Amino acid sequence: MARLAQTAGLTDVQQEILSTVRDFVDKEIIPVATELEHRDEYPQDIVDGLKELGLFGLMIPEEYGGLGESLLTYALCAEEIARGWMSVSGIINTHFIVAYMLKQHGTQEQKDHFLPRMAAGDIRGAFSMSEPALGSDVSAISSKAVKDGEEYVLNGQKMWLTNGGTSSLVAVLVRSDEGHPEGTAPHKSMTTFLVEKEPGFGEVRPGLTIPGKIDKMGYKGVDTTELIMDGLRIPANRVLGGVTGRGFYQMMDGVEVGRVNVAARGCGVAQRAFELGVRYAQQRHTFGKQIAQHQAIQFKLAEMATKVEAAHAMMVNAARKKDSGERNDLEAGMAKYLASEYCKEVVEDAFRIHGGYGFSKEYEIERLYREAPMLLIGEGTAEIQKMIIGRRLLEEYRFQG
């Protein structure tokens, strides 16, 4: 067991789950990740293995067939999986955000209908907020739902949909002005719809098209797509929670879970980069000795390890805060911000330790170097995190003079 990124106070069950996941990562993910990533190939065998382990039901309550585990357990599992290949952790992250939103905000009928099949991995979840023109400005959503009898008609274009092709259930955030008069604050006139579809690309149900995968610099294997709604008809009982106008708050609750996951992914990628760097530093010789014996390299390793440890501690704190039922947007924002920035720095230092070989696709660090930047953007940019952190700090430390 590695010295870094240990978590105190885990139960025997949590330790057993993490040991099983780590063993799976070492045997089934790391040996094939780089080859699959270079081919941009969906890791079907790995996903099937995660399904057999029951990981798609990790946070879903036992009454729905899941394991009923905590966000902390899930985050630690995501950290391990990202250590093997970050794209795989993305596949389960979007699934869990949707499952969490259903568990917290869904009607009883929605929970009974979706959660057992999500726990089994038979339904894979994705969620969609972003659009081509809005970036981080969620209030600028232009996709719209209009009431028509017992149905809603949805029109618009969504962007950056992880699991867009492979998912069979998408939580989609759109504007819904019905019942919300003109002048209502944008975040109070948004609704989350639960959209069922067939996996695949093209027209996956009448009025809903998933174009082909977006070609990306990194984060390959997992499918990232657009989602186009053109007269998509959704029954009223597929409004998350059964009431319109609550979608923004539901999505933000889910995104807090997602930010803990992105922090966990940053920790996992950084840990793998450190492992690669410290190993290579003991294999490569210059000036008659291991480069690990040069003080400059030891300084880098010391900084890298400290960043791995600090990011892990902050991620664990954010997960435990959410598990306690307390508000954790401050902690989640800090964890996501720090872990993603430190991940980028640790990966770059490992890349530098590899020298010219780090630029070769034969070495794993080349893949990590292309993957790390995604964490700077996913679930909110660093600037968005700092805005959230700053506002919350001013709430906590309001001057009473």
Side-chain angles (χ1 to χ4, degrees), residues 5 71-72 75 78-79 82 86 89-90 93-94 97 127 129-141 159-160 162 173 185-187 190 217-219 248-271 273 303-304 306-324 326-349 368-369 371-400:
L71 176 59
L72 174 62
E79 179 183 36
M86 190 179 74
S89 63
N93 180 46
T94 52
I97 289 177
F127 78 106
M129 287 194 300
S130 189
E131 295 182 0
L134 65 85
S136 298
D137 184 9
V138 179
S139 66
I141 281 177
M159 193 69 176
W160 306 118
T162 301
L173 185 65
H187 62 278
M190 294 182 188
M217 175 178 75
Y219 199 42
F248 179 83
Y249 305 102
Q250 295 163 345
M251 279 282 181
M252 290 303 103
D253 191 21
V255 165
E256 284 183 13
V257 172
R259 284 179 178 146
V260 172
N261 172 277
V262 171
R265 281 193 257 179
C267 292
V269 173
Q271 186 175 346
E303 291 169 359
M304 292 161 68
T306 302
K307 289 173 181 177
V308 168
E309 195 79 347
H312 175 84
M314 191 162 281
M315 178 271 291
V316 168
N317 180 56
R320 282 181 162 149
K321 190 86 169 180
K322 187 76 169 177
D323 283 332
S324 72
E326 297 180 67
R327 182 177 178 181
N328 88 325
D329 53 344
L330 175 63
E331 290 77 12
M334 284 181 167
K336 192 275 176 185
Y337 168 57
L338 189 81
S340 59
E341 294 290 338
Y342 275 0
C343 175
K344 175 196 63 128
E345 294 169 10
V346 171
V347 168
E348 183 171 332
D349 280 342
L368 270 59
Y369 194 77
E371 288 179 339
M374 197 285 293
L375 298 171
L376 301 172
I377 302 167
E379 254 77 319
T381 63
E383 289 71 25
I384 290 294
Q385 305 312 315
K386 287 188 278 189
M387 183 177 69
I388 293 169
I389 294 165
R391 287 175 177 174
R392 286 287 288 114
L393 289 173
L394 288 173
E395 290 179 21
E396 295 288 336
Y397 291 90
R398 186 175 301 279
F399 179 60
Q400 300 297 326

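Along the sequence shown, the residues carry numbers beginning at 1. If you're wondering where the values come from, they're calculated on a predicted model, not measured in any experiment.
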- Note on the structure: Y369 meets the side chain to side chain donor-acceptor pair (under 3.5 Å) criterion, sequence neighbours left out, with none

- Atom pair CG (N93) and CE (M86), whose distance is rounded to the nearest 0.5 Å: 11.0 Å

- Taking the side chain as every heavy atom from C-beta outward, state whether V269 and M374 have any atom pair closer than 4.5 Å. no

- Sequence neighbours excluded, which residues qualify as salt bridge (Lys or Arg N to Asp or Glu O under 4.0 Å) partners of E131? K158

- Note: Y342 and A310 closest approach over all heavy atoms is CE2-CB, 4.1 Å

- Quick one: do M190 and Q250 satisfy side-chain contact (heavy atoms from CB on, under 4.5 Å)? Show the steps, please. CA-CA 10 Å; M190 294 182 188; Q250 295 163 345; over 6 Å; no

- Query: What is the minimum heavy-atom distance between V260 and A75, and which atoms define it?
  - Reply: CG1-CB, 3.9 Å

- Item | Heavy-atom pair of closest approach, residues A273 and L368 | N-CD2, 3.7 Å

- Message: Just to verify, what does P373 make a side chain to side chain contact (heavy atoms under 4.5 Å, CB included) with, not counting sequence neighbours?
- Response: M217

- Query: Would a 4.5 Å heavy-atom cut-off, applied to side chains only, mark I384 and R259 as touching?
  - Reply: yes

- Query: Which atom pair, heavy atoms only, marks the closest approach of K322 to V257?
  - Reply: CE-CG2, 4.1 Å

- With sequence neighbours left out, the residues meeting side chain to side chain donor-acceptor pair (under 3.5 Å) with T306 are none

- Message: To the closest 0.5 Å, what do you measure between CG (N328) and NZ (K321)?
- Response: 8.5 Å

- Looking at residues at least two apart in the chain, or sitting in another chain, which of them share a salt bridge (Lys or Arg N to Asp or Glu O under 4.0 Å) with E379? none

- For E395, which residues count as a side chain to side chain contact (heavy atoms under 4.5 Å, CB included) partner, sequence neighbours excluded? R327, R392, R398

- Query: Would you find a donor on one side and an acceptor on the other, under 3.5 Å apart, between the side chain of D323 and the backbone of L72?
  - Reply: yes

- All heavy atoms of F248 vs all of L173, minimum pair found to be N-CD1, 3.8 Å

Would you list the atom pairs, donor with acceptor, under 3.5 Å between side chains in residues 330-338 and any protein atom, with sequence neighbours excluded?
{"residue": "K336", "atom": "NZ", "partner": "L375", "partner atom": "O", "Å": "2.8"}
{"residue": "K336", "atom": "NZ", "partner": "G378", "partner atom": "O", "Å": "3.3"}
{"residue": "K336", "atom": "NZ", "partner": "G380", "partner atom": "O", "Å": "2.7"}

- For A339, which residues count as a side chain to side chain contact (heavy atoms under 4.5 Å, CB included) partner, sequence neighbours excluded? A263, C267, A311

- Task: Could you pull out the closest heavy-atom pair between A78 and N261, with the gap in Å?
- Result: CB-ND2, 3.5 Å

- Item | side chain to side chain donor-acceptor pair (under 3.5 Å) partners for N317, two or more places apart | none

- Once you round to the nearest 0.5 Å, how far does CD1 of I97 lie from OG1 of T162? 9.0 Å

- Message: Suppose we screen for side chain to side chain contact (heavy atoms under 4.5 Å, CB included). Which residues come up paired with A140, at least two apart in sequence or across chains?
- Response: L134, D137

- Supply the atom-to-atom distance I377 CD1 to W160 CH2, rounded to the nearest 0.5 angstrom. 8.0 Å

- Query: Can you tell me how far the SG atom of C343 sits from the CG atom of L376, to the nearest 0.5 Å?
  - Reply: 8.0 Å

- Task: Kindly write out the residues that satisfy salt bridge (Lys or Arg N to Asp or Glu O under 4.0 Å) with E341, not counting sequence neighbours, or none if the list is empty.
- Result: none

- Task: Return yes if some donor-acceptor pair links the side-chain N/O of E79 with the main-chain N/O of R265 below 3.5 Å, else return no.
- Result: no

- Contacts of K307 meeting salt bridge (Lys or Arg N to Asp or Glu O under 4.0 Å) (sequence neighbours excluded), chain-then-number -> E345

